[in-house]
S.K.: 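Just passing along the structure, written as structure tokens.
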Amino acid sequence: MAEKKNRLTDAMQTHILLKCPACGQQYAIYGIMVQDDEEMSCTECNSLFRLRIQGNKVDAYMVSPPTGAPLGPAEGLNRK
């Protein structure tokens, strides 16, 4: 039971699947620490969202809607 409680605080046991709240792009987070209220940016639609951690559940909520702008050169398929 203690292993399940520490799943989100132990970097070796952090395996989270979540979706962008704007476009549904799926993200997998493996082997890193995740903090409550951490901000992420969607690589598909450029929206900003934050992670809300409650117990062993992680939810993403929108901070800034999609911009509609194309991805910049560093975020595109051909990194420069």
Side-chain angles (χ1 to χ4, degrees):
M1 186 62 102
E3 290 178 12
K4 287 186 179 182
K5 283 187 175 181
N6 293 330
R7 184 176 73 88
L8 296 176
T9 57
D10 184 351
M12 298 304 292
Q13 295 184 22
T14 304
H15 306 286
I16 299 168
L17 300 174
L18 58 98
K19 291 183 180 183
C20 170
C23 69
Q25 173 71 23
Q26 294 185 349
Y27 293 94
I29 301 172
Y30 296 107
I32 60 172
M33 301 260 315
V34 178
Q35 297 180 8
D36 187 35
D37 213 31
E38 186 170 334
E39 189 169 283
M40 295 182 70
S41 175
C42 180
T43 58
E44 193 67 28
C45 69
N46 284 344
S47 65
L48 292 177
F49 57 94
R50 290 185 189 245
L51 304 179
R52 180 180 294 136
I53 301 174
Q54 296 173 347
N56 279 338
K57 186 177 179 185
V58 178
D59 291 319
Y61 65 95
M62 182 86 61
V63 174
S64 176
T67 61
L71 297 175
E75 296 87 11
L77 295 176
N78 299 319
R79 293 182 180 263
K80 297 178 182 178

S.K.: Which heavy atom of D36 sits nearest a heavy atom of I53, and at what distance?
M.R.: OD1-N, 2.9 Å
S.K.: Mind checking whether R52 and V58 have side chains closer than 4.5 Å, heavy atoms only?
M.R.: no
S.K.: Less than 4.5 Å apart, side chain to side chain, heavy atoms only: is that true for F49 and S41?
M.R.: no
S.K.: Is it possible for you to say whether L48 and L51 belong to one hydrophobic cluster, with membership spreading through side-chain heavy-atom contacts below 4.5 Å?
M.R.: no
S.K.: Got a second to check how far S47's OG is from M62's CE, nearest 0.5 Å?
M.R.: 5.0 Å
S.K.: Decide yes or no for C23 and P66: does some side-chain heavy atom of the first lie under 4.5 Å from some side-chain heavy atom of the second?
M.R.: no
S.K.: Using side-chain heavy atoms (C-beta onward) and a distance below 4.5 Å, is Q26 in contact with L17?
M.R.: no
S.K.: For a 4.5 angstrom cut-off between non-hydrogen side-chain atoms, does Y61 reach P21?
M.R.: no
S.K.: Should the pair D37-R50 be classified as a salt bridge under the 4.0 Å nitrogen-to-oxygen rule?
M.R.: yes
